[in-house]
Amino acid sequence: MTAAIMKLTNICKSFGPIDVLNDISLEIRAGEVLCLLGDNGAGKSTLIKTLSGVYTPNSGTMEMDGVPVAFRNPREASERGIATVHQFGGTFPLMSIGRSFFVGVEPTKGWGPFKIFDRKKANEIAVKAVRDFGITRIDDGDRLVGGLSGGERQSLAIARAVHFGARVLILDEPTAALGVKQATHVLRIVNEAKRRGLAVVFITHQVTHAMAVGDHFAVLIRGAIAADFKRGEKTREEITDLMAGGETMADLEAAIDGSRNEAESATPQAAA
Ligand SMILES: Nc1ncnc2c1ncn2[C@@H]1O[C@H](COP(=O)(O)OP(=O)(O)O)[C@@H](O)[C@H]1O
Ligand SMILES: [Mg+2]
């Protein structure tokens with residue numbers, strides 16, 4: 001197994017009196033997709049915001065390439081190659097593809113030779129980067145980002161992060177708002193990023209999407225890691241049950257039946 005790019009040990013994060021992350025230990029490896037699963041409110045976004053310098057943990061350690069790191073802000077994390085792509089791609093609808101590709105890029109990171117924005121060059125680089133990622137439908141850098149589909153926007157954002165040297169790619173629910181075809185598109189890009197040796201942290205609560213690309217899975221329940229396993233070690237049913245907080249499908253059915261009985265017996269009383 002390759003050495004971890006990032007290693008979290010006993011990370012805790014609270015907001016005032018509320019403990020949101022409890023003793024999280026995880027390893028993130030190059031060429032691997034780590035799926036972070038969990039119900040709404042489990043702490044997934046808080047965990048990746050801690051990884052990417054948005055939040056500082058209250059305790060615990062983070063290492064990168066075996067060396068302790070403490071990011072004071074997202075910029076420091078980004079300079080170390082940690083890139084986050086949010087649900088809607090985080091791009092600018094009214095900007096051209098070429099221009100949006102270079103927004104916020106430091107001159108020292110490859111944009112140096114161009115003193116003024118070179119539209120043609122920017123378009124060429126952006127279109128080539130996305131095409132190299134297998135997105136052949138984006139062929140004109142002058143097109144507005146707002147005209148792209150949700151999946152294409154996600155793909156553009158991922159291609160951009162990879163182009164500018166991301167080593168750890170964090171995707172927070174990239175497929176949540178997408179239809180089946182668009183989601184498949186994004187999953188293909190995730191696989192391509194992994195093939196190129198990136199470490200991908202893929203957050204989702206869709207088990208099908210996780211199982212399609214995941215090498216390694218961590219299930220968060222109320223801010224703690226309830227399970228940590230590798231591809232093939234658990235069935236879809238087991239993963240689904242884990243995500244439901246340990247409740248099995250049978251428990252759920254019993255609970256639904258129970259409330260139906262209550263409703264039935266409650267009705268005559270209510271009428272009386
Ligand atoms: N900035 C914050 N201040 C206080 N509580 C927060 C903050 N961010 C998240 N929380 C709480 O932490 C819990 C986990 O949230 P979050 O990480 O967004 O979960 P997830 O992404 O898994 O849905 C929730 O109960 C949420 O209300
Ligand atoms: Mg979230």
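Order of listing sets the numbers, starting from 1, for every ligand and every atom in it. Only heavy atoms go into these numbers, but all of them, side chains included; no hydrogens, no water, no symmetry mates.
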With side chains defined as the heavy atoms from C-beta onward, is the minimum distance between Leu51 and Ile28 less than 4.5 Å?
->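 Yes, close enough: below the 4.5 Å cut-off.
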Sub-4.5 Å side-chain heavy-atom contact between Tyr55 and Val20 | no
Looking only at atom types and distance, does a side-chain atom of Lys44 sit under 3.5 Å from a main-chain N or O of Leu37, one as donor and one as acceptor?
-> no
Give a yes/no answer: is there an N/O/S atom of Ser45 under 2.8 Å from the Mg ion (ligand 2)?
->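 Within the cut-off used here (under 2.8 Å), Ser45 does place an N, O or S atom near the Mg ion (ligand 2).
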Give the protein residues with at least one non-hydrogen atom closer than 4.0 Å to an atom of ligand 1, ordered by chain and number.
-> Phe15, Val20, Asp39, Asn40, Gly41, Ala42, Gly43, Lys44, Ser45, Thr46, Tyr55
Give a yes or no on whether a salt bridge exists between Asp19 and Arg222, defined as a side-chain N under 4.0 angstrom from a carboxylate O.
-> no
Those residues that, when tested against Asp65, pass salt bridge (charged side-chain N to carboxylate O under 4.0 Å, His left out) (two or more places apart) = Arg167
Anything under 30° is parallel, anything over 60° is perpendicular, the rest tilted; go ahead and classify Phe101 against Phe164.
->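 Ring orientation, 0 to 90° scale: tilted.
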